[in-house]
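Contents: one structure, followed by commentary.
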Amino acid sequence: MKGEDIVDDTCWVVKYHSPWCMPFAPVFSANKMVCIVRNPMDTMISWLELLSTACHSAKAPFEYDKDYPEYWDWWVRDCSALYGQWFDVIMRDANLRKVPVLWIRYEDLVEDPKPHLMNLMRYMINLKDLTGTNAERRVQEVLDKGKEATQVYSLKDNTLRFNTKGKMYSPAQR
């Protein structure tokens, strides 16, 4: 995607896909880290759909957990191990390197973006109050465009619905 793997002084934010092991990704150092975490079951399904269909917006014509339970069990166990490794790396970086981390839940960001975007901007520019700042104006500009303006690609039919134990729940049901 546009802007990925740019890690020089021209870049303020570096996007990284964890827990993927990306051996050719450029090495970089950071002064701060923003970690957007998502319900692991949503991430596991999304990642599997991407690998299975080679597309961000397609969905397999079957249910992994019902039609291929042994494969699904292996997938969940494998992803869980990778997520555990990812968590260890993130926590080590945050603790040992003393890199400040802002944690944001993806589901919260989707459901109610304004407070989380404002908090993100406060964190990024080291201000407690954004009132009257360009940062406040920019967040509001993004919000005024609506949800469609921030979508990078077409999403699956179950957009904004979260998976939990094979059942589908809307944000309001959580």
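The first residue of the sequence shown is numbered 1, and numbering continues consecutively from there. The structure displayed is predicted, hence computed values, not measured ones.
Looking at residues two or more places apart in sequence or on another chain, you find a side-chain hydrogen bond (donor to acceptor under 3.5 Å, both in side chains) between S52 and Y64. A search for side-chain hydrogen bond (donor to acceptor under 3.5 Å, both in side chains) contacts involving D88 returns nothing, not counting sequence neighbours. Judged as a ring pair (Phe, Tyr, Trp, His ring centres under 6.0 Å), and not counting sequence neighbours, the contacts of Y68 are F62. Every residue meeting the side chain to side chain contact (heavy atoms under 4.5 Å, CB included) condition with V76, not counting sequence neighbours, appears here in chain and number order: M44, W72, S80. Listed by chain and number, the residues in a side chain to side chain contact (heavy atoms under 4.5 Å, CB included) with M124 are W12, V13, V34, L120 (sequence neighbours excluded). By the side-chain hydrogen bond (donor to acceptor under 3.5 Å, both in side chains) test, N134 pairs with R137, sequence neighbours left out. The side chain to side chain contact (heavy atoms under 4.5 Å, CB included) test applied to P69 returns no partner, not counting sequence neighbours. Under the ring pair (Phe, Tyr, Trp, His ring centres under 6.0 Å) criterion, W74 pairs with Y71, not counting sequence neighbours.
From C35, atom SG reaches atom CZ of R105 across 13.0 Å, with rounding to the nearest 0.5 Å.
Listed by first and then second residue, the salt bridge (Lys or Arg N to Asp or Glu O under 4.0 Å) pairs involving residues 113-134 amount to none (not counting sequence neighbours). Residue pairs meeting the salt bridge (Lys or Arg N to Asp or Glu O under 4.0 Å) criterion with at least one partner in residues 70-82, sequence neighbours excluded, are D73-R77.
Across all non-hydrogen atoms, the minimal contact from H116 to L109 is CB-CD1, 3.8 Å. Taking all atoms of both residues into account, the shortest heavy-atom contact from V101 to Y123 is N-OH, 3.4 Å.
Within the 4.5 Å cutoff, no side-chain heavy atoms of E141 are placed close to those of D144.
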